[in-house]
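As the structure is a computational prediction, the values presented were derived from the model and not from experiment. So you know, we letter chains A, B, ... as the sequences are listed, proteins then strands, and number each from 1.
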Protein chains: 2
Amino acid sequence: MVNSPQETLNDLFAALSDQTRRAILSQLLENDQTVKQVAEPHAISMAMISKHLQILGRAGLVRQIKRGREKICQLEPDALFVASRWMQGFGQFEDQNLDALEGTLLDLGLIEADEG
Amino acid sequence: MVNSPQETLNDLFAALSDQTRRAILSQLLENDQTVKQVAEPHAISMAMISKHLQILGRAGLVRQIKRGREKICQLEPDALFVASRWMQGFGQFEDQNLDALEGTLLDLGLIEADEG
DNA sequence: ATGATAGTCAACCATATGGTTAATAGTCCA
DNA sequence: TGGACTATTAACCATATGGTTGACTATCAT
């Protein structure tokens with residue numbers, strides 16, 4: 001079941017619309033963590049953390065790798081790029097300039113094409 | 001009642017998590033529209049469009065100006081910048097690199113400041 | 001004044017979400 | 001083997017959301 005681009009954006013933005021989930025992403029930016037470790041700073045149940053991680057997983061923002069009885073959670077920041085790209089359609093703010101820049105940079109060979 | 005930064009991001013991302021609302025933003029990117037005009041391409045009731053516009057308004061993405069019996073809806077793209085900025089905290093994806101690169105390129109004279 | 005038009009509000013429905021606690025499935029280890 | 005630990009699932013609750021229809025307010029035009 002491959003999601004449509006619209007559904008992908010729905011899931012992405014919905015995943016980002018909760019502070020706990022954004023905090024989890026920040027934690028995972030520092031380093032990979034087990035579910036337990038992810039839960040630690042938050043005053044909510046493990047069950048809820050598990051659900052949040054599911055939502056982040058559905059959005060493609062977090063990957064989980066089973067290791068023994070633990071599960072390692074890793075950030076997948078490329079998913080954010082999709083959302084960022086969508087936003088760049090809305091000209092006036094500075095990212096747009098960066099977007100325009102990308103083509104130039106590719107031409108100049110200063111960056112690599114990594115179309116996800 | 002000033003929203004906390006977290007609540008601001010909640011509202012922003014939640015507003016973006018619905019395709020109808022994203023479509024409305026795209027419409028308003030083209031030109032300002034009355035509520036009626038906003039509703040036209042969508043197969044849902046005016047009441048629902050009104051609600052969507054409320055949510056977009058709460059997120060700071062759309063402003064409404066009353067003109068006679070109509071209400072003109074205008075895009076406020078600066079709000080997107082807040083969300084975009086938040087995303088840029090997540091280093092690994094290329095915007096960040098582009099951002100860092102921009103200064104270098106300016107130094108090299110390969111691009112002009114604030115180019116379109 | 002009357003009617004048509006633009007927009008919002010209220011009541012309602014179904015479903016999703018953030019949260020809980022309790023139960024369950026795996027895994028590690030003494 | 002049995003207990004401790006990690007993580008998910010199930011059942012439940014309250015609230016929010018996307019949607020409807022119908023009533024209502026305000027404005028425009030004849």
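- For A:Lys36, the listed nucleotide lying nearest its side chain is D:dT6; candidates were D:dT6, C:dT20, C:dG7.
- Nearest nucleotide to the B:Lys51 side chain, out of D:dT8, C:dT8, C:dA11: C:dA11.
- Put simply, CD on B:Glu70 is 16 Å from C1' on D:dT25, counting in whole angstrom units.
- A donor-acceptor contact closer than 3.5 angstrom links the side chains of B:Gln27 and B:His42.
- When the P atom of C:dA16 is taken as reference, atom NE2 of A:His52 falls 17 Å away, rounded to whole Å.
- In this structure, CG of A:Asp11 is placed 9 Å from P of C:dT17, rounded to the nearest angstrom.
- In this structure, the separation between OG1 on B:Thr20 and CG on A:Asn10 is 9.0 Å, given to the nearest 0.5 Å.
- Residue A:Thr34 has its side chain nearest to D:dA7 when only D:dA7, D:dG18, C:dG7 are considered.
- Residue-level contact check: B:Arg21 touches the backbone only, with heavy atoms under 4.0 Å from sugar-phosphate atoms and none from bases.
- With rounding to the nearest 0.5 angstrom, the CH2 atom of A:Trp86 is 9.0 Å from the CD atom of A:Gln6.
- The side chain of A:Ala47 has D:dA10 as its nearest neighbour among C:dG19, C:dG18, D:dA10.
- In the set D:dT8, D:dT27, D:dG19, D:dG19 carries the atom at the smallest distance from any side-chain atom of B:Ile44.
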